[in-house]
Amino acid sequence: MKIVDLRGKDYTKSRELEELIRRSEMEVDQYEESVKKILKDVKERGDEAVIEYTEKFDGIKLSPDEFTVPFEELEKAYESLDEETRWALEVAYERVRKFHEAQVENSFFIEEPGMILGQKVIPMERAGLYVPGGKAAYPSTVIMNAAPAIVAGVKEIVITSPNPNRYTLAAAYICGIETVYRIGGAQAIGALAYGTQTIKKVDKIVGPGNIFVALAKKNVYGHVDIDSIAGPSEILVIADETANPEWVAADLLSQAEHDELAAAILVTTSEELAKQVKDILYGKFLVNFSRESIARKSLDTYGHAFIVDDLLTAADVSNHIAPEHLEIITENPFVMLDKIKHAGAIFLGEYATEPLGDYVLGPNHVLPTGRAARFSSPLGVYDFVKKSSVIYVSKEGFDRVEKYARQIATAEGLEAHRLSVEVRLKNNQ
């Protein structure tokens, strides 16, 4: 972890800060061609291509009737969990579902003389959730992606995951999802986007994955909707001299353990805190840590402690980075809230540790990365609905606005637009 003193300096000219911002700019050309070929094959050959790529990349030979995990296996996976884990997942699902119920939008109508104008909120019909599989277990990914779709009223929700483990299957069972496909990678994204002889096309694909999955989602956008192109995980902690250095270090490590590209960033007004956090990370937490090699590389490359003059500057630095996760561990964290413009999730106070948000608090843990928090939001119910404008106009309403429409049509030089209004006007004279 590098300690960078920005006191009395222009943070926007910091080389270390700019390197952090650019870390997500990956060279993808080497993968793009392969992904496009896979997608083309799946689009043209359907199940046959899915079978070939699943065997090639995952080492699993499947027939079309083996794509879907039997529902009995989902139930069996749920029953195989110990009581504490089962209860924890059920509590997490209920909390996440309840939080997202507050996001539900209703249709509305406005009545004017001779007009009824409104907006109809309509859930998408089919959503596909991608869940990483294999040796890793991501039941929280199932819950976070499924809950908002369920609350939105999506009729059919399916999961696709390469060789899904029992935790993924159990979480699907808890969420009430009956269809889980045991395929992954770009071929799974292609199957959901284009449909195959066995797998039905969906309207939206959400969920994280490796570079092949991310590029596949990018390339099928337009055929279907997607949530985002997820990049490496990141956390930024704003802390003053009142923060517990051990707690701050633990929170930074919680993101560094994700992968080598994860960024763990401290922005503090206390030079002493920065030094203590670094000492604790390297001298205590990384010693005999199970994911030491991953976390150490992350911290060595993308771990930074920026020392700033004051908390207002700390907020400015955070806004410049626009982090996925932002923790504010200061004497009065709520004072800082109105200074924050760009962050995926904002955790206030020393007990609001980010891993609680990953699992059980309720807000979604699918968050914008790579500075996308400047223009995008956490996954939510709003991602699984679409809206249609509803317009009714009577003769009275027509008479109130027709001259303005004709004038604008004339200004734009669109003759048929003006004609469509005028033919009605003539019939009413």
Side-chain angles (χ1 to χ4, degrees), residues 20-21 23-26 92-93 95-97 99-100 102-103 127 129-132 136 138-149 151-152 204-211 213-214 217-218 221 225-238 251-259 261-267 298 302 315 317-329 333 336-337 340-349 352-384:
L20 267 180
I21 289 172
R23 91 186 202 286
S24 297
E25 298 175 4
M26 297 180 292
Y93 172 66
R95 291 186 61 87
V96 174
R97 182 185 55 76
F99 176 86
H100 285 80
Q103 295 178 342
L129 319 181
Y130 188 92
V131 180
Y138 295 104
S140 63
T141 298
V142 175
I143 291 170
M144 291 291 178
N145 283 275
V151 172
K204 182 151 189 168
I205 301 172
V206 301
N210 60 20
I211 184 63
V213 171
K217 287 170 67 178
K218 176 184 175 182
Y221 176 68
D225 191 19
I226 63 170
D227 51 350
S228 63
I229 312 278
S233 184
E234 55 207 27
I235 186 172
L236 189 149
V237 179
I238 294 176
D251 291 356
L252 294 173
L253 186 63
S254 73
Q255 294 307 296
E257 74 170 340
H258 271 298
D259 62 65
L261 291 175
I265 307 161
L266 170 63
V267 182
S298 166
Y302 300 112
V317 171
S318 177
N319 288 329
H320 188 61
I321 296 173
E324 176 187 15
H325 308 98
L326 169 62
E327 289 187 0
I328 301 178
I329 306 178
M336 296 287 293
L337 187 57
I340 301 303
K341 299 177 181 178
H342 311 302
I346 305 168
F347 297 79
L348 300 171
T353 179
E354 186 276 333
L356 291 180
D358 272 350
Y359 300 130
V360 297
L361 291 180
N364 210 287
H365 79 197
V366 180
L367 302 168
T369 61
R371 303 192 79 207
R374 291 172 299 138
F375 51 79
S376 57
S377 308
L379 188 71
V381 172
Y382 37 76
D383 286 298
F384 294 96

Determine the sole option in Arg371, His342, Arg374, Lys341 for which the side-chain contact (heavy atoms from CB on, under 4.5 Å) test with His320 is passed.
-> Arg371
Main chain of [Y], side chain of [X]: is a donor-acceptor contact present, judged purely on distance under 3.5 Å?
{"X": "Asn319", "Y": "Ile340", "result": "no"}
{"X": "Arg95", "Y": "Leu361", "result": "yes"}
{"X": "Lys217", "Y": "Gly209", "result": "no"}
{"X": "His365", "Y": "Asp358", "result": "yes"}

Flag for Ser233-Glu324: side-chain donor and acceptor within less than 3.5 Å | yes
Distance-only polar pair, side chains of Gln255 and Glu234, donor-acceptor under 3.5 Å = no
Tell me, with the steps shown, if Asn364 and His100 meet side chain to side chain contact (heavy atoms under 4.5 Å, CB included).
-> CA-CA 8 Å; Asn364 210 287; His100 285 80; 3.2 Å; yes
Atom of [X], atom of [Y] and distance for their closest heavy-atom approach:
{"X": "Tyr302", "Y": "Ala262", "value": "CB-O, 3.5 Å"}
{"X": "Leu348", "Y": "Ala352", "value": "O-CB, 3.3 Å"}
{"X": "Ala322", "Y": "Ala373", "value": "O-CB, 3.9 Å"}
{"X": "Gly344", "Y": "Pro378", "value": "O-CG, 3.4 Å"}
{"X": "Pro232", "Y": "Leu261", "value": "CB-O, 3.5 Å"}
{"X": "Gln103", "Y": "Val381", "value": "OE1-N, 2.9 Å"}

What's the verdict on side chain to side chain contact (heavy atoms under 4.5 Å, CB included) for Leu236 and Val267, showing C-alpha distance, side-chain angles and the deciding distance?
-> CA-CA 7 Å; Leu236 189 149; Val267 182; 3.9 Å; yes
Rounded distance [0.5 Å steps], [atom1] in [X] versus [atom2] in [Y]:
{"X": "Glu327", "Y": "Leu266", "atom1": "CD", "atom2": "CG", "answer": "10.5 Å"}
{"X": "Ser298", "Y": "Asp259", "atom1": "OG", "atom2": "CG", "answer": "7.0 Å"}
{"X": "Thr369", "Y": "Leu367", "atom1": "OG1", "atom2": "CG", "answer": "9.0 Å"}
{"X": "Ile235", "Y": "Leu252", "atom1": "CD1", "atom2": "CG", "answer": "6.0 Å"}
{"X": "Asn210", "Y": "Tyr130", "atom1": "CG", "atom2": "OH", "answer": "6.0 Å"}
{"X": "Asp383", "Y": "Asp225", "atom1": "CG", "atom2": "CG", "answer": "7.5 Å"}

Go through the steps to decide whether Phe347 and Thr353 satisfy the test side chain to side chain contact (heavy atoms under 4.5 Å, CB included), and finish with yes or no.
-> CA-CA 7 Å; Phe347 297 79; Thr353 179; over 6 Å; no
Flag the pair [X] / [Y] as yes when at least one side-chain heavy-atom distance between them is below 4.5 Å, and no otherwise.
{"X": "Ser228", "Y": "Pro368", "result": "no"}
{"X": "Ile265", "Y": "Pro323", "result": "no"}
{"X": "Val237", "Y": "Leu326", "result": "no"}
{"X": "Asp251", "Y": "Glu354", "result": "no"}

Is it true that atom OH of Tyr382 has more than 12 heavy atoms of other residues, nucleotides or ligands lying nearer than 6.0 Å?
-> yes
Below 3.5 Å, can you tabulate the donor-acceptor pairs from side chains in residues 140-147 to any protein atom, sequence neighbours excluded?
{"from": "Asn145", "atom 1": "ND2", "to": "Thr141", "atom 2": "O", "distance (Å)": "2.8"}

Under the salt bridge (Lys or Arg N to Asp or Glu O under 4.0 Å) criterion, do Lys204 and Asp227 qualify, and how do the steps go?
-> CA-CA 8 Å; Lys204 182 151 189 168; Asp227 51 350; over 6 Å; no
Starting from the C-alpha separation in whole Å, work towards a yes-or-no answer on side chain to side chain contact (heavy atoms under 4.5 Å, CB included) for Ile329 and Ile238.
-> CA-CA 6 Å; Ile329 306 178; Ile238 294 176; over 6 Å; no
